[in-house]
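Single-structure report; data block below.
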Amino acid sequence: MFKVKVFGKKVLAVTLATVMLTATGCGANNTKTTSEGGNKDAGAKTTEAATPDSGKKDSAAMTTISVYRDCFNVGVPDTKEVQAVQDAINAYIGDKINVQIKLNDISNSEYKDKANLALANGEINLLWTANWIETIRTDDLVKQNAVYDLTQKLPNYDIYKAMPDWVWKSSAFNGKNYFIPCYKESAEGYNLMFRKDLVDKYKWDLSTVKSLKDIEPMLKDCKTEGLKYPYLTQKTSMFFRYYLNKFDFFSQDSFIAVDKDKDAVVDTLSTPEYKEFSSLMGDWASKGYISEDDLTKTTTDTTTQTKDWGISWWTDVPNNDEANTRYKQDVEMVKITDNWKQSNTTLGSCYTIASTCTDEQVDACLKFLGLLYTDKSLADLYTFGIEGTDYTREDGKVKKSDAGLYNHSAWESTSVTNLSLEVGEPDNKVELYTTFNDNSKNSIANGFRFDKSKVDAKYAACQQVFNEFGFALENGGYKPGDVDKAITDYQKALDNAGYQDVLKEAQQQYETWKSVR
């Protein structure tokens, strides 16, 4: 049995590094809110907000917008090919919506810095972002007043009708829409994942697995098998994942959540569920079912591609067969939570419009997105590039070129319902995604967003405390008999970091949000 060394009571407050926007850039004083809920540049000419999407327009009214994209599939974007794709897009959309784009494909390693700088300089109209990407994430952009309030404008454009109503409600900030989500899996849920060869060898009856404790006999088999990782946590804290049916972890941290039964923000450390989970992990570790490697984060991201593990976890998606390819072996799944629509589930990939845009530029951005989400030819071009150069087709499906000059994925490009299938994807992919999203449950706290601006430093300090205490508790770092004291010490360290102020602020905000929910 391994044990965690606790590093005393002193907690270092850490703050999130963000790029501050200048007074002349996005969110600056030269923008103002219109009576329709949008923003417009103080010196810009006002145009009609509700401009129809379709129909040819006067060529003299062509509007050019600057589009910034993060490249995940190409290390260094090929500027000539990006230019060629841009020219092809413009040739296709020009007489349809009287819009032209300036396409900026930025490598993932440079995107955050370059996009922030371009925002500060007023050089972006439309950009890709997400709730997990540091320094330019959705919450930061709203906080900095860097993005346009689209609430009143959206219903007048095709993009609004291209996705279900719940998408707009789930992605809103206090009832206001600043973001246009990429329509993909828009709910969160988790599965237990079993190596199929072990299922067959030991004749495991997966229908008996209803909770975490039910896999203990199987973990015993894995240990007998001599596996290094009978249960592989993938160096991940899982409380705020496995307990979604009970809690809405609105901040993606395990120490604070909305109790769905109580409809109130609670301190999760004081709940029986947290003790139950931490004790179970400690028990499994003491029996050799969890390796110290997960606790010390020395397992690798490719460990799941080996035969060293028996049971692990998987984020539920519309096509769970993807795991077989990703992990280079067949696996079987058992759902351990329901799938939930929550405030963060729709913002894992989205677009937004800079607050410095004129009404004319906002109009152009929304027209472009409307066409991108409803016109398959544009969606394919924007995502996969030019047919014959960047991809070919096999039986109607996209086969990406090995050259990889231009290469994006559906999840960060458009709606999965409006895109050609890739080779290897199931023919019923769209149906799988629609069923997945439509059958997911709606969290009672869906739409609530915690504004941490009043408690930023204290919240960051609490996250540091979690790194010292919580991660260990959730990865088997304490024997079951030591869990009570460890949770008490964890709570005390959190309180010393200002946790009670954080909790009170979240509770007040949630009650206010509930009054207009």
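Fair warning: this is a prediction, and the values are worked out from it, not measured in the lab. Reckoned from all heavy atoms, side chains included, excluding hydrogens, waters and symmetry mates.
- Heavy-atom minimum distance, Pro318 versus Glu185: CD-CB, 3.7 Å.
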Take Tyr68 and Tyr351, measure what ring-ring contact (aromatic ring centres under 6.0 Å, His included) needs, and give me the verdict at the end. CA-CA 10 Å; Tyr68 272 64; Tyr351 294 99; over 10 Å; no

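- Seen from the ring of Tyr391, Lys400 does not count as a face-on cation partner, given the 6.0 Å and 45° thresholds.
- Atom NZ of Lys235 has more than 12 heavy atoms from other residues, nucleotides or ligands within 6.0 Å.
- Taking the ring centre of Trp313 as origin, the terminal cationic atom of Arg241 falls inside the region bounded by 6.0 Å and 45° from the ring axis.
- Contact detail for Ser349 and Trp411: the closest heavy-atom pair is OG-O, 2.7 Å.
- Here the side chains of Phe368 and Ile101 are in contact, with some heavy-atom distance below 4.5 Å.
- A salt bridge does not link Asp501 to Lys454: none of the charged side-chain nitrogens sits closer than 4.0 Å to a carboxylate oxygen.
- Ring pair Trp340/Tyr190: centre-to-centre distance not below 6.0 Å.
- For Lys399, the NZ atom is loosely surrounded, since the number of other residues' heavy atoms within 6.0 Å does not exceed 12.
- Between Asp380 and Arg393 there is a salt bridge, since at least one side-chain N of the basic residue sits less than 4.0 Å from a carboxylate O of the acidic one.
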Could you walk me through whether Lys441 and Asn339 pass the side-chain contact (heavy atoms from CB on, under 4.5 Å) test, one step at a time? CA-CA 6 Å; Lys441 295 183 177 181; Asn339 292 329; over 6 Å; no

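- The OG atom of Ser409 lies 3.5 Å from the CG atom of Asn73; values are rounded to the nearest 0.5 Å.
- Stacking of Lys335 on the aromatic ring of Trp314 is not recorded, the 6.0 Å distance cut-off and the 45° axial limit not both being met.
- Considering all non-hydrogen atoms of both residues, Asn324 and Val331 come closest at OD1-N, 2.9 Å.
- The environment of Asp301 atom CG is sparse: at most 12 non-hydrogen atoms of other residues, nucleotides or ligands sit within 6.0 angstrom.
- Classification of Lys96 and Asp375 as a salt-bridged pair fails, no side-chain N sitting under 4.0 Å from a carboxylate O.
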Assess whether side-chain hydrogen bond (donor to acceptor under 3.5 Å, both in side chains) is satisfied between Asp87 and Gln83, documenting all intermediate values. CA-CA 6 Å; Asp87 293 344; Gln83 179 70 46; 2.9 Å; yes

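- Gln234 and Ser312 are linked by a side-chain donor-acceptor pair at a separation below 3.5 angstrom, with hydrogens and angles left out of the test.
- Counting heavy atoms of neighbouring residues, nucleotides and ligands inside a 6.0 Å radius, atom NZ of Lys260 exceeds 12 of them.
- The only member of Thr271, Asp261, Thr268 that meets side chain to side chain donor-acceptor pair (under 3.5 Å) when paired with Lys246 is Asp261.
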Take Trp166 and Asn446 through the side-chain hydrogen bond (donor to acceptor under 3.5 Å, both in side chains) test and state the conclusion after the steps. CA-CA 10 Å; Trp166 60 259; Asn446 189 12; over 6 Å; no

In sequence, state the C-alpha distance, the side-chain angles, and the governing distance for Phe247 and Tyr243, and then conclude on ring-ring contact (aromatic ring centres under 6.0 Å, His included). CA-CA 6 Å; Phe247 301 107; Tyr243 283 77; 7.0 Å; no

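- Scanning all heavy atoms of the two residues, the minimum distance from Asn418 to Leu372 falls at ND2-O, 3.1 Å.
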Residues Asp248, Ser443; criterion side-chain hydrogen bond (donor to acceptor under 3.5 Å, both in side chains); working and verdict: CA-CA 7 Å; Asp248 183 311; Ser443 169; 2.5 Å; yes

Carefully, step by step, assess Ser401 and Tyr406 under the rule side-chain hydrogen bond (donor to acceptor under 3.5 Å, both in side chains). CA-CA 9 Å; Ser401 168; Tyr406 185 90; over 6 Å; no

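- Salt bridge status for Asp451 with Lys143: absent, with no side-chain N to carboxylate O gap under 4.0 Å.
- In this structure the side chain of Val85 reaches within 4.5 angstrom of the side chain of Ile386, judged on heavy atoms.
- In terms of heavy atoms, Leu154 sits closest to Trp168 at CD1-CZ3, 3.7 Å.
- Residues Arg517 and Ile444 come closest through the heavy atom pair NH1-O, 3.2 Å.
- The existence of a salt bridge linking Glu511 and Lys514 is confirmed by a sub-4.0 Å separation between a basic side-chain nitrogen and an acidic carboxylate oxygen.
- Checking each of Phe249, Phe173, Tyr510 against Phe448 for a ring-ring contact (aromatic ring centres under 6.0 Å, His included) leaves exactly one that passes, namely Tyr510.
- Using a 4.0 Å cut-off between charged nitrogen and carboxylate oxygen, Arg69 and Glu412 count as a salt-bridge pair.
- Between atom CD1 of residue Ile106 and atom CG of residue Asp113 there is a gap of 11.0 Å, rounded to the nearest 0.5 Å.
- The only member of Thr135, Thr129, Leu127, Asn116 that meets side chain to side chain contact (heavy atoms under 4.5 Å, CB included) when paired with Tyr111 is Leu127.
- With sequence neighbours excluded, no residue forms a side chain to side chain donor-acceptor pair (under 3.5 Å) with Lys176.
- Tyr373 and Asp158 form no side-chain donor-acceptor contact under 3.5 Å, judged by distance and modelled atom types alone.
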